[in-house]
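Accompanying notes for the structure given below.
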Amino acid sequence: MDEIAGFLKGVAPFDTLEDVGLEAVAAACQSESYPAGATIMVQAAEPSRFAWVVRRGAVELADEGR
């Protein structure tokens, strides 16, 4: 099992998948890194076509500065 599949195996809802399904999801994954304070998504922009899983660090959700 590759590194991404191994990580996802411990994250809901991926933890309920059989190995074959987990490997398929992992194969479709793309790893990205962002520096602290970077904007990842903008409110009112086009909806994301992807699911995001935070592997390390944290994400702050802000709505008009709150």
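- Placement of V25 and V20 in two distinct hydrophobic clusters is found when ILVMFWY residues are connected by side-chain heavy-atom separations under 4.5 Å, directly or transitively.
- For the pair E32 and R55, the salt-bridge criterion is not met [side-chain N within less than 4.0 Å of a carboxylate O].
- Contact between L8 and F14 at its shortest, heavy atoms only, is O-CB, 3.4 Å.
- Test D19, T16, D15 against K9 for side chain to side chain donor-acceptor pair (under 3.5 Å) and you get one pass: D19.
- Neither V53 nor I40 shares a network with the other; the hydrophobic side chains, linked directly or stepwise wherever heavy atoms of I, L, V, M, F, W or Y lie under 4.5 Å apart, form separate groups for each.
- One finds the CD atom of Q30 at 9.5 Å from the CD1 atom of I4 (value rounded to the nearest 0.5 Å).
- Panel note: side chain D2, backbone A5; a donor-acceptor pair is recorded below 3.5 Å.
- T39 is not listed as a side-chain neighbour of Y34, based on a closest heavy-atom distance of 4.5 Å or more.
- The distance from the CD atom of E3 to the OG atom of S31 is 7.5 Å, given to the nearest 0.5 Å.
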Problem - side-chain contact (heavy atoms from CB on, under 4.5 Å) evaluation trace for W52 with V59 - result: CA-CA 11 Å; W52 296 75; V59 174; over 6 Å; no

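- Taking all atoms of both residues into account, the shortest heavy-atom contact from S48 to M41 is CB-CE, 3.3 Å.
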